[in-house]
Q: 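Here it is, the structure in full.
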Amino acid sequence: MTLEAIRLDGVEKSFGAVRALAGVDLVVSAGECLGLVGHNGAGKSTLMHVLTGTLSPDKGSLAVGGVTVSGEWSAAASQRAGIRCVFQELSLCPNLSVAENARIMHSPLRGFGWKKRASDLIRAKLDEIFPGHGIDPDDEIADLPIGKRQMAEIARAFTVMSDPLRLVILDEPTSSLDAVTAEQLLAYIGKETAKGTAVILISHLLGEILSASNRIVVMKDGKSVAERPADGFDRMSLVAAMGSEGHGSSSHSTSIVSSTGTSPVLVKAHPDASKTGPELVVRKGEVIGLAGLAGHGQTRTLLQIFSRDHASVEAPMSFIAGDRQSDGIFNLWSIARNVTIRSLKSFTRFGLIDPDAEARLAEEWKSRMAIRTPDMDNNILTLSGGNQQKALFARALASDATVILMDDPMRGVDIGTKLEVYDMIRTEAANGRSFIWYTTEFDELAYCDRVYVFRNGKISDEINAGSISEERILQASFAESAA
Amino acid sequence: MINRRYLRAALPFLSLAIVLAATFYVQPRTMSYFGLNLMLQYAIPIALATIAQMFIITVNDLDLSIGPFVGLVGCISATLLLNDPLLGILALLACIAAYGLVGALIHIRNLPSIVVTLGLSFVWLGIAVLILPSPGGKAPMWLKAIMSYQTPWVPLPIIAAILIGGIVHVALMTSSFGVIGRGAGGNPKALQRAGWSMLKTKVAMFTIAGFFGVLAGLSLLGLTTSADAHVADRYTLYSIAGVILGGGEFIGGRVSPMGSVVGALTLALAGAFLIFLKISPDWQIGAQGAILIIVLAMRALITGGEARR
């Protein structure tokens, strides 16, 4: 049986300068479980959003059940075509009950007695997938622990009403499930695919991918780079496929001479509350990288250090946000104000700001960071994204902070700006500043003296500059199975 | 945890019972058909305005124009509806449609509803003053008749409150379309991913709010019998307070129709209670604010205990 459930031909999608999907060809046959793996930024989530109709591709075509989609592709159309998705960040309404959330997915659930039908539908599916689940359809989502919410959402995705079920996409479905329920889910995937439903399984647990899927596609830089039947892969070859061939021996980090082994320790922190895992240590003048898959505790750890919560920090700190728009810039202020806000104390006299000193500081950092603007008094939004990020770096570097926390600050920044900022980081580190740098890009780890790889909120590996390699980071990011 | 949820849901009813008991204690003569009718009659328009506000709050917006809107409806009804019923009905329908358009505008342009409705409150007031420059006009006879109807045994305001609360409860809390409305407040993204249009949902909710705003204006006019553009200016705050007193939350699609009606009754009753206590009207708003703070503090205590567990 080689009926195809879904086919993508040359699908491309860009966000500004970032190419999230660079021509993806993908076929999922009916009754197949396709494993999809890839590191951060490989394009997995963009691909899913295209499939579920929440993003429309710039180029390429999509065929459902062998028929090319010609009209408008939307969330409603995807829903009608029988495509469901369990997103990693759950998409249930917390103020509604389990049954009511089922109603949101199925428009035929209306009219007299809909609540009973919705309850029966979701209860039957929960019983089928997770026997002994202990969830009442009348339970409000907000009252359920995270694991049960995930179970409810998974069960909801598999419920069938008038629209046929064609494809279910599961994005990290077991991230909040315990070992027993995760096992139940994997067993159910087998049963469901035998009935002809296609499943796309995305997981960082390679054991899960290898055992549950029939075929595995590896994505990298917005393309599928390897595709084989599941038994053609093992853990090592999967990890190798996710890395890039050219990077295998990338050790251009040798340019950094690590002479910081004896300098004073500035930061000590335990990323996990239980304090069982390894500790994060930062010495004066070090550039520390935080790596691993997105959302595995890196940002949380940065915030934990910044708020000195279960962390001992012996120096003033500054935080450079990754999400410029929501956490970084004051978008009604001038560039100068945005740069100097962190250093107000140094030029305040009798509680008032000395405007000349403020302007001098802004001008100094305009030239040091090469912020491209005719006038620092212009609004911050007149700058390009890269230059806005430079202004945020200037804010941190102009301050008295000696420990700089960076939360993936180079997202969506052009390469020219990046190289300038890397230089700046190296210079500042040589002058004794320390950097803790969460990054989702391998190339940036080359600028680090030491890298901590995160997995499930814990440090899973600590790698010194000499031995940083993409393969080792991938190894540490992907677990064999749930711990 | 379940106990706390029930406790929380019972809080608005408890508040009403306490205020009612206090009123009876201070002025035992109110404990009669006539007394209750007199004390609670203005609760009907407040309850309807509160329900209107509740539909807006359900989708995480806030309506700062409901008071002047109620005033405008009064002015239209005391002039246009009285003299030319067809034109009057058309004008009222246009008011409802305007609410739907506001919802569309807020959603499409992604504007803060507080700013839009604050601006609109002056627009409504302006139109109302244009229609009726000085207080006057007359309520249509049928409207007066409805509002002064003497129901047997139980006073009209109580029956009306139960009816309003019950109907809206069925529509919003138990119907399959109400689920979509509340879901839009709980997690708009999830709703869109399931193929629903946020635009349509918001327009629907705002239109319903406009409908209840019109009902509030009509019922108020039936009681006052003549109109004034400023008569309902306080309703904006009353309606927000009513929803919150009734157990609603500003964001997250958590509202309670029954609670909101009870909250509106509590506010109306609190006004009467303070008069019986011979508290000067200047202090009344402050005293009502104090009641609001006390109830919210109790709710925070209950919820806080929930979070600690």
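Source: prediction; values computed, not measured. Labels below follow one simple rule: chain letters A, B, ... track the order of the sequence lines, proteins then strands, and each chain is numbered from 1.
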Q: Heavy-atom distances under 4.5 Å only: say whether B:Ser197 touches chain A with side chain, backbone, both or neither.
A: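 Contact with chain A is absent: no heavy atom of B:Ser197 under 4.5 Å.
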Q: Give me each pair satisfying salt bridge (Lys or Arg N to Asp or Glu O under 4.0 Å) with a member in residues 96-114 of chain A, each pair once, sequence neighbours excluded.
A: A:Glu100-A:Lys115, A:Glu100-B:Arg182
Q: Which bit of A:Phe87 comes within less than 4.5 Å of chain B, counting heavy atoms only: side chain, backbone, both or neither?
A: side chain
Q: For residues 202-216 of chain B, which side-chain N or O atoms pair as donor and acceptor with protein atoms under 3.5 Å away, sequence neighbours left out?
A:
from     : atom 1 : to       : atom 2 : distance (Å)
B:Lys202 : NZ     : B:Asp61  : OD2    : 3.1
B:Thr207 : OG1    : B:Val203 : O      : 2.6

Q: Would A:Asp58 and A:Lys13 pass as an ion pair if we require N to O under 4.0 Å?
A: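 Looking at A:Lys13 together with A:Asp58, the answer is yes, because their closest N to O distance falls below 4.0 Å.
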Q: May I ask you to decide if the ring planes of B:Tyr238 and B:Tyr235 are parallel, tilted or perpendicular, using 30° and 60° as cut-offs?
A: tilted
Q: Indicate yes or no: does A:Asp120 engage A:Arg117 in a salt bridge with an N to O separation below 4.0 Å.
A: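 The answer is no: the pair does not qualify as a salt bridge.
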Q: Assess whether side-chain hydrogen bond (donor to acceptor under 3.5 Å, both in side chains) is satisfied between A:Asp309 and A:Ser307, documenting all intermediate values.
A: CA-CA 5 Å; A:Asp309 167 29; A:Ser307 55; 4.9 Å; no
Q: Between A:Ala76, A:Ala118, A:Cys93, who has the most heavy-atom pairs with chain B when the cutoff is under 4.5 Å?
A: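 Looking at each of A:Ala76, A:Ala118, A:Cys93 in turn, A:Cys93 comes out on top.
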Q: Given a strict heavy-atom distance threshold of 4.5 Å, which part of A:Ser78 is in contact with chain B: side chain, backbone, both, or neither?
A: neither
Q: Aromatic ring centroids of A:Phe130 and A:Tyr188 under 6.0 Å?
A: no
Q: Quick check on the structure: residues of residues 43-57 of chain A within a heavy-atom distance below 4.5 Å of chain B, by number.
A: A:His49, A:Thr54
Q: Would you mind writing out the side-chain donor-acceptor pairs for residues 184-191 of chain B within the sub-3.5 Å range, not counting sequence neighbours?
A:
from     : atom 1 : to       : atom 2 : distance (Å)
B:Asn187 : OD1    : B:Lys189 : N      : 3.4
B:Asn187 : OD1    : B:Ala190 : N      : 3.2
B:Asn187 : ND2    : A:Leu92  : O      : 2.9

